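Just so you know, residue 1 is the first one in the sequence shown, and it goes up from there. Owing to the predicted nature of the structure, the values given are computational and were not obtained by experimental measurement. Order of appearance sets the numbers: ligands from 1, and atoms from 1 within every ligand.
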Amino acid sequence: MNFAVLASGKGSNLKAMIDAIRNGQIKAELKVVISDKKEAFCLEHARKALIPAIFIDPKDFKDREAFDKAVIDCLVKHQVDFVVLAGYMRLLSSFFLKQYPNKVLNIHPALLPSFKGTHAIQEAFDYGVKLTGPTVHFVTEAMDEGPIILQEAIEIKPKDTLESMAEKIHNAEHKIYPQAIDLFVRGKLKVEGRKVIVL
Ligand code: GRF
């Protein structure tokens with residue numbers, strides 16, 4: 001199977017996937033990394049691993065669907081079977097999701113359905129949660145709402161700071177995202193309504 005990563009940021013999850021491919025945990029080929037941010041460090045990780053790293057500038061397109069069409073052209077060109085979002089700061093259009101039904105994965109840094117949105121770690125910290133952790137889910141049109149594949153709960157101790165909590169969450173992300181991708185690649189995930197059955 002071939003896949004693509006869409007990312008907008010530093011790319012630590014992308015790096016974890018590249019490592020998981022190298023060590024044989026993920027038996028799929030990462031064909032292309034696409035970013036909507038020219039200077040994003042994720043593109044650097046891709047280049048270092050000799051994976052095509054492509055910047056597509058949202059400013060060149062009239063709306064989200066037109067941008068997504070350009071992304072899809074690139075995915076088709078690279079014969080991608082599924083798509084992995086890793087810190088991708090854009091919502092996907094329904095046009096995009098129709099091309100890849102139940103074939104787009106995302107990771108969110110909180111235990112969904114708690115703390116949806118872009119400030120999940122800060123909000124969970126401020127709320128004083130005792131447990132938090134990342135969620136890998138299939139992407140649907142509503143933000144952070146698709147069927148849940150894997151979650152990992154992490155205990156937050158009184159001495160934890162925002163920084164130490166974020167570090168624990170990111171470490172867990174780097175573990176469960178490759179696990180989820182491996183399950184997907186081996187055909188072990190069956191979506192039944194809201195539920196993902198791990199076969
Ligand atoms: C991660 O915390 C992920 O949960 C969220 O965006 C962040 C991306 O980090 N969706 P990185 O770019 O993979 O380091």
Side-chain angles (χ1 to χ4, degrees), residues 3-22 25-26 28 30 32-49 51 53-56 58 71 82-92 96-97 100 103-127 129 131-154 156 160-184 196:
F3 72 109
V5 169
L6 308 189
S8 307
K10 64 182 163 63
S12 66
N13 281 285
L14 167 66
K15 170 79 171 48
M17 288 168 216
I18 292 171
D19 291 344
I21 293 168
R22 286 197 177 135
Q25 185 188 4
I26 296 175
L30 177 48
V32 62
V33 173
I34 300 171
S35 183
D36 59 333
K37 299 269 189 295
K38 193 170 185 207
E39 308 297 337
F41 200 71
C42 54
L43 291 173
E44 202 48 45
H45 280 303
R47 285 186 206 108
K48 247 189 236 161
I51 296 161
I54 293 173
F55 163 59
I56 302 180
V71 174
F82 68 101
V83 178
V84 172
L85 309 185
Y88 187 58
M89 299 307 285
R90 297 175 65 83
L91 280 178
L92 299 183
F96 188 116
L97 291 168
Y100 294 93
K103 287 180 180 169
V104 183
L105 282 68
N106 183 43
I107 192 158
H108 181 75
L111 294 173
L112 290 173
S114 293
F115 305 110
K116 294 175 181 174
T118 45
H119 305 291
I121 299 180
Q122 177 83 57
E123 284 170 13
F125 182 78
D126 293 345
Y127 202 86
V129 297
L131 283 177
T132 188
T135 301
V136 181
H137 64 95
F138 284 109
V139 176
T140 53
E141 269 186 62
M143 186 174 64
D144 300 329
E145 267 193 32
I148 291 171
I149 301 170
L150 291 180
Q151 294 184 298
E152 181 160 315
I154 294 160
I156 302 309
D160 271 310
T161 59
L162 176 64
E163 290 69 32
S164 69
M165 176 171 137
E167 191 184 341
K168 287 181 188 176
I169 294 169
H170 293 312
N171 289 339
E173 288 186 335
H174 303 157
K175 191 176 96 193
I176 68 165
Y177 216 178
Q179 282 172 357
I181 295 167
D182 167 55
L183 288 169
F184 180 84
V196 178

inquiry  = Lys175: which residues meet the side chain to side chain donor-acceptor pair (under 3.5 Å) condition with it, sequence neighbours left out?
reply    = Glu152
remark   = Those residues at least two apart in sequence (or on a different chain) that pass salt bridge (Lys or Arg N to Asp or Glu O under 4.0 Å) with Glu167 are none
request  = Verify whether one side chain among Asn13 and Glu173 offers a donor that lies under 3.5 Å from an acceptor in the other.
outcome  = yes
request  = Classify the ring geometry between Phe82 and Phe3 as parallel (under 30°), tilted (30 to 60°) or perpendicular (over 60°).
outcome  = parallel
task = Give the protein residues with at least one non-hydrogen atom closer than 4.0 Å to an atom of ligand 1, ordered by chain and number.
result = Gly9, Lys10, Gly11, Ser12, Asn13, Gly87, Ile107, His108, Pro109, His170, Glu173
query = Backbone N or O of Ala7 within a donor-acceptor pair of the Ser35 side chain at under 3.5 Å?
reply = yes
Pairing residues for Phe41 by the ring-ring contact (aromatic ring centres under 6.0 Å, His included) criterion, not counting sequence neighbours = His45
